[in-house]
Structures are given as structure tokens and as C-alpha cells.
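Presented below is the structure to which this report refers.
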Amino acid sequence: QVQLVESGGGLVQAGGSLRLSCAASGRAFSGYAMAWFRQAPGKEREFVAHIRWSSAIIYYTDSVKGRFTISRDNAKNTVYLQMNSLKAEDTAVYYCAAGAIPAVYARDPKGYNYWGQGTQVTVSS
């Protein structure tokens, strides 16, 4: 079992930055791919970014490329999402996810075994 706890959300003005963290506990964190998803009110959960255990493969959804950076520190069992140049359309609850998932399924939320409780990000325009 893996427990995931997100932190770092909040209210920020458009153009600002936030850094989300996701701390993992429980069984071995190593070997698991990690991802961030987000869900805005009335919308489906949307893929944001994915990182493999070795950090050798990283994916982003097109709308955040060049603005968001996913990273992980396996020694600290933590994955991060640095969000810069935030826009109002980035407003959502952001979720951390973990799983032994093939890279080809990185964007599919059904492929992840473990989820955090979510952290709210609100960007004011």
C-alpha cells in the first residue's frame, strides 16, 4: 500500500508560480511511475505530467509544456510539480498518482493504483 499526500496548493495571481509536493509513504516508492492530474469543476480529471522512476522519461500535456516541470526525489519519496506562468485555466484540484504503469498508458488515470486527496490551486485573473 502507498499513501500519497499533496501540499503546496493555494491562491495565486495569473503569471505567478506555485510548487506542489507529493509525499509518498508505505511500501517501496521506488519503481513506481508518478503523475499529476487535475480536475476543474464540472470537468473530467485531466492528465498534467508523468515521470518514470529513473526520471529518464517525462510527459506533459500540451497546455502546460514550457510552464510546468515535474521532478522527483526518490531519496525523499517525493514528487514535485513546479508551476510557472500560471493562468486562470490552470485552476483545479491537483492530484498526485502512483503506479507500476507502462509508459504507453501514462496519460490514462485508470492505470494508476494510488491517489492522493488533492490540493486546490486557484489562479485569479
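One is the number of the first residue; the rest follow in order along the sequence. These numbers come from the heavy atoms of this one structure, side chains and all, not from hydrogens, waters or symmetry mates.
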Nearest heavy-atom neighbours spanning Y60 and K65: O-CE, 3.4 Å
query: Can you check whether L20 reaches T119 side chain to side chain, under 4.5 Å on heavy atoms?
result: yes
query: Backbone N or O of Q39 within a donor-acceptor pair of the E46 side chain at under 3.5 Å?
result: no
query: Taking atom types as modelled, is there a side-chain donor on T122 or Q120 under 3.5 Å from an acceptor on the other?
result: yes
- prompt: Hey, does Y59 have a side-chain heavy atom less than 4.5 Å from the side chain of I70?
  reply: no
query: Are the aromatic rings of F47 and F37 close, with centres under 6.0 Å apart?
result: yes
task: Kindly determine whether R72 and W53 satisfy side chain to side chain contact (heavy atoms under 4.5 Å, CB included), including the steps that lead there.
output: CA-CA 8 Å; R72 65 190 292 167; W53 149 249; 3.8 Å; yes
task: Answer with yes or no whether the side chains of H50 and Y112 bring together a donor and an acceptor at under 3.5 Å.
output: yes
- request: Side-chain contact test, heavy atoms from C-beta onward, threshold under 4.5 Å: evaluate it for D90 versus R67 and give yes or no.
  value: yes
- prompt: Which heavy atom in A40 sits nearest to a heavy atom in T91, and how many Å separate them?
  reply: CB-O, 3.7 Å
task: Flag the pair L18 / L86 as yes when at least one side-chain heavy-atom distance between them is below 4.5 Å, and no otherwise.
output: yes
Validation row: T69, L81 side chains within 4.5 angstrom (heavy atoms): no
- prompt: Parallel, tilted or perpendicular: which describes the rings of Y32 and Y114, with under 30° parallel and over 60° perpendicular?
  reply: parallel
For V79 against M34, the heavy-atom pair lying closest together: CG1-CE, 3.8 Å
message: Under the criterion side chain to side chain contact (heavy atoms under 4.5 Å, CB included), I'd like the reasoning laid out for M83 against V121: C-alpha separation, chi angles, the key distance, then a yes or no.
response: CA-CA 10 Å; M83 306 186 295; V121 172; 3.8 Å; yes
statement: Note: I101 and D108 closest approach over all heavy atoms is CD1-O, 4.2 Å
query: Is there a path of hydrophobic side-chain contacts, each under 4.5 Å between heavy atoms of I, L, V, M, F, W or Y residues, that connects V48 with V12?
result: yes
query: Can you tell if the side chain of F68 reaches within under 4.5 Å of the side chain of Q82, non-hydrogen atoms only?
result: no
- prompt: Does R38 count as lying over the ring of Y95, i.e. NZ or CZ under 6.0 Å from the six-ring centre, within 45 degrees of the axis?
  reply: no
- prompt: Any sub-3.5 Å donor-acceptor pair from Q3's side-chain atoms to A24's backbone N or O?
  reply: no
field: For L4 against V2, the heavy-atom pair lying closest together
entry: CD2-CG1, 3.7 Å
- prompt: When rounded to the nearest 0.5 angstrom, what distance separates OH in Y94 from CD in E6?
  reply: 12.5 Å
field: Worked verdict on W36 versus C96 for side chain to side chain contact (heavy atoms under 4.5 Å, CB included)
entry: CA-CA 5 Å; W36 289 95; C96 174; 4.0 Å; yes
field: Closest heavy-atom pair and its distance - S21, T78
entry: CB-CG2, 4.4 Å
field: Modelled atom types, side-chain donor and acceptor of N84 and S17, under 3.5 Å
entry: yes
